[in-house]
Amino acid sequence: MEYEWVKLPLYPEWDYRYNVSIAGQSIDLRIYYSDRTQKWSFDASYANGDVILEGSLLIPLTPTLEYKIEGVSGFLWLEPISKDINEATLHPDHLYKYFNLYYIYWTE
């Protein structure tokens, strides 16, 4: 079994969406920040509009979207760029500066 890591872009905006291909599946992601809760969330859907997941929190070092994409074994992974995430705690709205976002899946 081999692991494939697909690096997904993070942007300086507080609410954005884009399309990404994960293991042959076209997925629409919306990533957004809530100033009220000071947390990042995301929505994921297939290109045809069918919802995969809505309002899920992006939590560092915690697998999410696990086994939700049809025909793909894997998960979304938010990884700190540095081991010291104190700066990220002080500026939670700057996700793109302090983290990398990946979709990790395995192949036969």
Side-chain angles (χ1 to χ4, degrees):
M1 181 178 335
E2 292 186 31
Y3 290 94
E4 296 288 331
W5 290 58
V6 178
K7 187 172 183 184
L8 304 176
L10 295 172
Y11 298 102
E13 290 85 21
W14 284 19
D15 190 343
Y16 54 93
R17 64 180 70 235
Y18 58 86
N19 183 276
V20 64
S21 179
I22 298 174
Q25 290 277 6
S26 183
I27 305 296
D28 291 325
L29 284 178
R30 176 182 173 224
I31 298 174
Y32 52 97
Y33 179 74
S34 169
D35 196 32
R36 183 181 58 80
T37 63
Q38 296 189 333
K39 297 204 184 302
W40 285 91
S41 299
F42 75 95
D43 300 339
S45 60
Y46 294 105
N48 67 5
D50 289 345
V51 173
I52 300 169
L53 200 59
E54 286 185 322
S56 185
L57 289 177
L58 272 177
I59 302 169
L61 305 174
T62 303
T64 189
L65 199 61
E66 202 168 11
Y67 302 106
K68 301 286 186 194
I69 299 175
E70 191 173 307
V72 181
S73 299
F75 54 90
L76 204 59
W77 183 255
L78 185 65
E79 183 171 272
I81 293 171
S82 165
K83 291 184 189 250
D84 179 18
I85 62 170
N86 289 334
E87 188 73 19
T89 306
L90 294 173
H91 303 286
D93 56 320
H94 292 152
L95 185 73
Y96 72 102
K97 284 185 179 179
Y98 304 109
F99 295 91
N100 286 318
L101 182 62
Y102 300 96
Y103 191 84
I104 302 169
Y105 66 97
W106 39 95
T107 58
E108 300 287 324

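From a predicted model like this one, the values you see are computed outputs, not experimental measurements.
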Visitor: Quick one: are W5 and I104 in side-chain contact, heavy atoms under 4.5 Å?
Guide: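 A side-chain contact under 4.5 Å exists here.
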Visitor: Please round to the nearest 0.5 Å and tell me the distance separating atom CG of L65 and atom CG of L76.
Guide: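 If we round to the nearest 0.5 Å, L65:CG and L76:CG are 5.5 Å apart.
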Visitor: Between V20 and V51, is there shared hydrophobic-cluster membership here, with clusters defined by ILVMFWY side-chain heavy atoms closer than 4.5 Å?
Guide: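 Not linked; separate clusters.
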Visitor: Tell me, please, which residues at least two apart from E66 pass side chain to side chain contact (heavy atoms under 4.5 Å, CB included).
Guide: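 Listed in chain order: P63, F75.
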Visitor: Does any N or O in the side chain of Y103 come within less than 3.5 Å of the main-chain N or O of G74, such that one atom is a donor and the other an acceptor?
Guide: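 Yes, Y103 side chain to G74 backbone: donor-acceptor pair under 3.5 Å.
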Visitor: Which residues pass the side chain to side chain contact (heavy atoms under 4.5 Å, CB included) test with S21, sequence neighbours left out?
Guide: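 So S21 forms no side chain to side chain contact (heavy atoms under 4.5 Å, CB included) with any residue.
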Visitor: Looking at residues at least two apart in the chain, or sitting in another chain, which of them share a side chain to side chain donor-acceptor pair (under 3.5 Å) with S26?
Guide: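 Counting only residues at least two positions away or on another chain, S26 forms a side chain to side chain donor-acceptor pair (under 3.5 Å) with N19.
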Visitor: Not counting sequence neighbours, which residues clear ring pair (Phe, Tyr, Trp, His ring centres under 6.0 Å) with Y16? List them please.
Guide: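 Y16 satisfies ring pair (Phe, Tyr, Trp, His ring centres under 6.0 Å) with Y11 only.
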Visitor: Under the side chain to side chain contact (heavy atoms under 4.5 Å, CB included) rule, collect the residues that match up with K7, sequence neighbours excluded.
Guide: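 So K7 forms a side chain to side chain contact (heavy atoms under 4.5 Å, CB included) with N100, Y102.
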Visitor: Rounded to the nearest 0.5 Å, what's the gap from CD1 on I52 to CZ on F42? Could you check?
Guide: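 It is 9.0 Å, given to the nearest 0.5 Å.
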Visitor: Among the clusters formed by ILVMFWY side chains lying less than 4.5 Å apart, do Y32 and L53 turn up in the same one?
Guide: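 No, Y32 does not connect to L53 through the hydrophobic network.
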Visitor: Residues two or more places apart in sequence or in another chain: which of them pass side chain to side chain donor-acceptor pair (under 3.5 Å) with E79?
Guide: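 In terms of side chain to side chain donor-acceptor pair (under 3.5 Å), with neighbours along the sequence ignored, E79 is linked to W77.
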Visitor: Applying salt bridge (charged side-chain N to carboxylate O under 4.0 Å, His left out) as the test, list every pair that has at least one member in residues 94-103; sequence neighbours left out.
Guide: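 Checked against salt bridge (charged side-chain N to carboxylate O under 4.0 Å, His left out) - neighbours excluded - no pair reaches residues 94-103.
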Visitor: Rounded to the nearest 0.5 Å, what separation is found between the CG atom of L58 and the CG atom of L29?
Guide: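 Nearest 0.5 Å value for the CG-CG distance: 9.0 Å.
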Visitor: What residues, two or more places apart in sequence or in another chain, satisfy side chain to side chain donor-acceptor pair (under 3.5 Å) together with T64?
Guide: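 Residues passing side chain to side chain donor-acceptor pair (under 3.5 Å) with T64: S56.
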Visitor: Rounded at 0.5 Å granularity, tell me how far CZ in R17 sits from CD1 in I31.
Guide: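 Between R17 CZ and I31 CD1, I get 11.0 Å after rounding to 0.5 Å.
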Visitor: For L57, which fellow cluster members are found when Ile, Leu, Val, Met, Phe, Trp and Tyr are connected by side-chain heavy-atom distances below 4.5 angstrom, either directly or through intermediates?
Guide: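 Noted: L57 shares its cluster with I59.
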Visitor: Partners of R30 by salt bridge (charged side-chain N to carboxylate O under 4.0 Å, His left out), sequence neighbours excluded?
Guide: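 For R30, the residues satisfying salt bridge (charged side-chain N to carboxylate O under 4.0 Å, His left out) (neighbours in sequence not counted) are D15, D43.
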